[in-house]
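In what follows, a structure is listed as structure tokens, so that the remarks can point back to it.
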Amino acid sequence: MRRRWWSVAVAALLAAGTLVPASPAMAAPTFKVPFPCGQSWSGQTRSDHSPAYALDFNRTDDLGDPVVASAPGTVDRVTDLGGTSYGKYVRIDHGGGYTTYYAHLNGFNVSVGQSVGYGKVIGWVGSTGGSTGPHLHYEQRLNGNDIQVRFNGGLALYWGTKTYTSDNACSSATGSGTVNTAGADLTVRSGPGTGYAAVGSVADGTRVTIHCQTSGSTVTGTYGTSAIWDRIGAGRYIADAYVYTGHDGWIPDVPRC
Ligand SMILES: [Zn+2]
């Protein structure tokens, strides 16, 4: 009976167009230009690039310039392919199926498994692999598929060359708050929603540092109902509805994740 009920219910929901996935799709991370705050780089896209939506970055005398993580995540590849393809490259897993690639690096500044935030130097511009001159080859992928690059939600120029100015980690402001659950521990999750894995807990009354805020699943807590989630560490999110921040809603000056 249960099974039958589900199939009927699912069919009805599908018909109504309101089927909610069991595991929420994570909104795309807010990707930033992969260079330190304030730097301007020429970014080129071209239809004969491999993969097609990759961006090649250059600026004057760029050999050895630092390359930074374009969004928070976990480094899951630090690989040297020698004189072919990407050469020395780093891949960062941002969760929700999103990854970024940084290729032809001169050297590495991170290791596999390392958590990185905005602005973290992951390596240096080089010309390793199948490259004919120093540049950064950069990709955004979703579930392994090359996607059109976006910075702060805005599409990169396809096709052509454009100057991109970095606002990556320009705001180092953090917020703080106090967890108030009236007793119970508050679950820490790997993403901004109750559908994400529990990765720990914080006790009632704990003072937390809030690195950034993002919207996720709606939670009703001590301070009302809110879809805001606070990132209190790499891959660690708590529902803002249980955190006293002194602000109703978004905390001014704290960046969006
Ligand atoms: Zn390239």
Side-chain angles (χ1 to χ4, degrees), residues 28-112 114 116-169:
T30 301
F31 292 115
K32 304 284 187 179
V33 173
F35 296 103
C37 171
Q39 292 186 1
S40 291
W41 286 73
S42 174
Q44 184 194 65
T45 58
R46 51 186 193 275
S47 55
D48 64 351
H49 208 169
S50 178
Y53 298 144
L55 239 145
D56 279 348
F57 282 108
N58 278 105
R59 69 172 188 170
T60 306
D61 294 331
D62 51 13
L63 181 65
D65 282 353
V67 174
V68 307
S70 59
T74 304
V75 175
D76 72 345
R77 277 189 207 167
V78 177
T79 302
D80 185 355
L81 296 176
T84 62
S85 183
Y86 291 149
K88 291 181 178 172
Y89 79 100
V90 168
R91 187 174 79 175
I92 300 175
D93 179 355
H94 303 283
Y98 289 92
T99 53
T100 48
Y101 287 68
Y102 311 80
H104 309 310
L105 299 173
N106 227 12
F108 301 124
N109 195 44
V110 287
S111 50
V112 170
Q114 188 172 341
V116 293
Y118 285 118
K120 168 67 185 175
V121 176
I122 59 168
W124 296 274
V125 172
S127 187
T128 58
S131 168
T132 54
H135 71 284
L136 176 70
H137 171 102
Y138 172 80
E139 298 173 23
Q140 294 175 0
R141 292 187 181 228
L142 176 58
N143 299 325
N145 301 312
D146 178 39
I147 56 173
Q148 293 197 325
V149 168
R150 288 178 180 273
F151 295 121
N152 294 325
L155 199 58
L157 174 65
Y158 288 94
W159 308 94
T161 301
K162 178 182 159 179
T163 298
Y164 298 86
T165 299
S166 173
D167 68 347
N168 194 328

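Since we're looking at a predicted model, the values are computed, not measured. Whatever order the structure lists ligands and atoms in, that order sets their numbers, starting from 1.
- Computed with the Zn ion (ligand 1) at the centre, the Asp56 OD1 to His49 NE2 angle is 100°, stated to 10 degrees.
- With respect to His94, the side-chain hydrogen bond (donor to acceptor under 3.5 Å, both in side chains) criterion is satisfied by exactly one of Thr100, Thr74, Thr30: Thr100.
- The residue from Tyr101, Tyr102, Tyr89 that alone fulfils the side chain to side chain contact (heavy atoms under 4.5 Å, CB included) condition with Glu139 is Tyr101.
- For the pair Thr45/Gln148, no side-chain contact is recorded, criterion being any heavy-atom separation below 4.5 Å from C-beta on.
- Minimum-distance N/O/S atom of His137 relative to the Zn ion (ligand 1): ND1.
- Ring geometry, Trp41 versus Phe57: the interplanar angle exceeds 60°, so the pair is classed perpendicular (tilted spans 30 to 60°).
- Among the backbone and side-chain atoms of His135, none of the N, O or S atoms lies under 2.8 Å from the Zn ion (ligand 1).
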